Amino acid sequence: QLMGFIYSRTPCVNAAGAALSCLDRPVVYSELLDIRNTEGAKDELFRFPLIEQEYYANEAPASIKPNFPVVAKLRTVASGFGKLRAADEQSFGELSSILALSSQYFTTEESLSVAAEIYIQWIDGNIRCFKRIKSLSGSGFRTWSNWSTLRYEEVDSTKQYKRWAELVSKIFGGLDIFALNVIQT
């Protein structure tokens, strides 16, 4: 459907090309790395931290071992779909053998102990921030099964959150609507 919007030049809230770019985690991560390495390095107050991510093209996924525990995400996923955790090298090997059945790439990132999650919402320059309240299911790992049990409370937007949102709003030629997830460890 997105390709149809691009082909027909249908106006979209975010440019259809930007939405297409946002479908691939490595493309978005590359843009965020640019922000971190340029703008984020200029001022400690507005430092732009990222969870380090590894990319696996899937030809030989088990040949490179990440630091454990990790969360693996298949291609572009959302809402907890396509996520798996590996606690150690053995479970990563098992995970890799399953992912190797797909021709899709996957990424890994460290599985962090999360104290709080902040959701920064940007809509046409207006910013709202929400703090995730612990899932009623008790699980700290976000999966599709616990999304309906999540609650959020609105919190004040800090100067840092506003700056991060302003920087991200410029990627892919400009975004009118997006959200950032900030994890506090």
Side-chain angles (χ1 to χ4, degrees), residues 13-14 22-55 66-88 91-92 95 106-172 175-185:
V13 174
N14 287 335
C22 287
L23 287 179
D24 282 308
R25 184 180 317 285
V27 176
V28 174
Y29 191 76
S30 176
E31 292 290 316
L32 297 177
L33 279 173
D34 284 346
I35 292 171
R36 182 189 76 183
N37 295 340
T38 56
E39 297 296 325
K42 292 179 184 176
D43 187 340
E44 184 62 27
L45 175 64
F46 298 113
R47 190 174 61 87
F48 194 81
L50 291 174
I51 297 172
E52 293 300 321
Q53 188 180 90
E54 297 294 329
Y55 171 86
N67 293 324
F68 298 104
V70 297
V71 175
K73 298 175 182 179
L74 182 61
R75 196 163 178 256
T76 182
V77 295
S79 302
F81 289 112
K83 287 184 188 177
L84 296 165
R85 258 200 307 202
D88 53 33
S91 58
F92 184 71
L95 178 145
F106 67 96
T107 60
T108 61
E109 54 194 51
E110 183 180 358
S111 180
L112 301 171
S113 178
V114 177
E117 264 185 271
I118 305 295
Y119 178 85
I120 304 170
Q121 179 187 73
W122 172 282
I123 300 175
D124 197 27
N126 297 302
I127 298 171
R128 292 177 69 192
C129 297
F130 303 89
K131 182 177 183 178
R132 176 182 166 203
I133 308 302
K134 185 175 177 154
S135 166
L136 299 176
S137 69
S139 171
F141 184 63
R142 292 186 304 173
T143 62
W144 177 252
S145 62
N146 74 359
W147 275 111
S148 63
T149 64
L150 297 178
R151 294 188 353 233
Y152 290 86
E153 67 181 26
E154 192 161 359
V155 295
D156 291 334
S157 179
T158 67
K159 288 181 181 180
Q160 190 174 45
Y161 295 162
K162 288 178 184 175
R163 180 68 177 142
W164 290 345
E166 289 168 358
L167 292 169
V168 171
S169 75
K170 296 175 184 167
I171 66 174
F172 305 125
L175 299 174
D176 296 314
I177 186 170
F178 64 89
L180 295 173
N181 289 320
V182 177
I183 294 180
Q184 297 175 338
T185 56

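Because the structure is a prediction, the values reported are computed rather than measured. The figures that follow rest on heavy atoms only: side chains count, while hydrogens, waters and symmetry mates do not.
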Report task. Give a yes or no on whether the backbone of D88 and the side-chain of S91 come within a donor-acceptor separation of less than 3.5 Å. Result -> yes
Requested in this report: Give the intermediate values and the outcome of side chain to side chain contact (heavy atoms under 4.5 Å, CB included) for residues N14 and F172.
Outcome: CA-CA 9 Å; N14 287 335; F172 305 125; over 6 Å; no
Query raised in the report: Just wondering, do I171 and F178 contact through their side chains at under 4.5 Å, heavy atoms?
Result: no
Query raised in the report: To the nearest 0.5 Å, how far apart are CG in L32 and CG in L50?
Result: 5.5 Å
Query - Side-chain touch E110/N67, heavy atoms, less than 4.5 angstrom - result: no
**Report entry** Pairs touching residues 28-40 that satisfy salt bridge (charged side-chain N to carboxylate O under 4.0 Å, His left out), sequence neighbours left out
**Finding:** R36-E52, E39-K42, E39-R163
Query raised in the report: Please walk me through it: do K73 and E109 pass side chain to side chain contact (heavy atoms under 4.5 Å, CB included)?
Result: CA-CA 9 Å; K73 298 175 182 179; E109 54 194 51; 3.1 Å; yes
Requested in this report: Decide yes or no for L180 and Y161: does some side-chain heavy atom of the first lie under 4.5 Å from some side-chain heavy atom of the second?
Outcome: no
Report task. Apply ring-ring contact (aromatic ring centres under 6.0 Å, His included) to F130 and list each qualifying residue two or more places apart in sequence or on a separate chain. Result -> none
Report task. For the pair Y55 (side chain) and P26 (backbone), establish whether a donor and an acceptor sit closer than 3.5 Å, ignoring hydrogens and angles. Result -> no
Requested in this report: Answer yes or no: is there a side-chain heavy-atom contact under 4.5 Å between W122 and L175?
Outcome: no
Query raised in the report: Within a strict 4.5 Å, meaning less than it, do heavy atoms of the Y152 and E117 side chains meet?
Result: no
Requested in this report: Taking all non-hydrogen atoms of both residues into account, name the closest pair between V71 and R85 and its distance.
Outcome: CG2-CG, 3.7 Å
Report summary line: Taken to the nearest 0.5 Å, the spacing of I183 CD1 from L112 CG works out to 6.0 Å
Report task. Go through the steps to decide whether I120 and W164 satisfy the test side chain to side chain contact (heavy atoms under 4.5 Å, CB included), and finish with yes or no. Result -> CA-CA 9 Å; I120 304 170; W164 290 345; 4.3 Å; yes
Report summary line: Distance col, row Q121:CD vs N126:CG, nearest 0.5 angstrom, shows 9.5 Å
Report task. Please list, chain by chain and in numerical order, all residues satisfying salt bridge (charged side-chain N to carboxylate O under 4.0 Å, His left out) with D24, sequence neighbours excluded. Result -> R75
**Report entry** Working for side chain to side chain contact (heavy atoms under 4.5 Å, CB included), residues T108 and F92
**Finding:** CA-CA 10 Å; T108 61; F92 184 71; 3.9 Å; yes
Query raised in the report: Out of curiosity, I35 CD1 to K170 NZ, how far, rounded to the nearest 0.5 Å?
Result: 9.0 Å
Query raised in the report: How long is the span from the NZ atom in K162 to the CG atom in D156, to the nearest 0.5 Å?
Result: 8.5 Å
**Report entry** Separation between CZ of F48 and CD of Q160, rounded to the nearest 0.5 Å
**Finding:** 10.0 Å
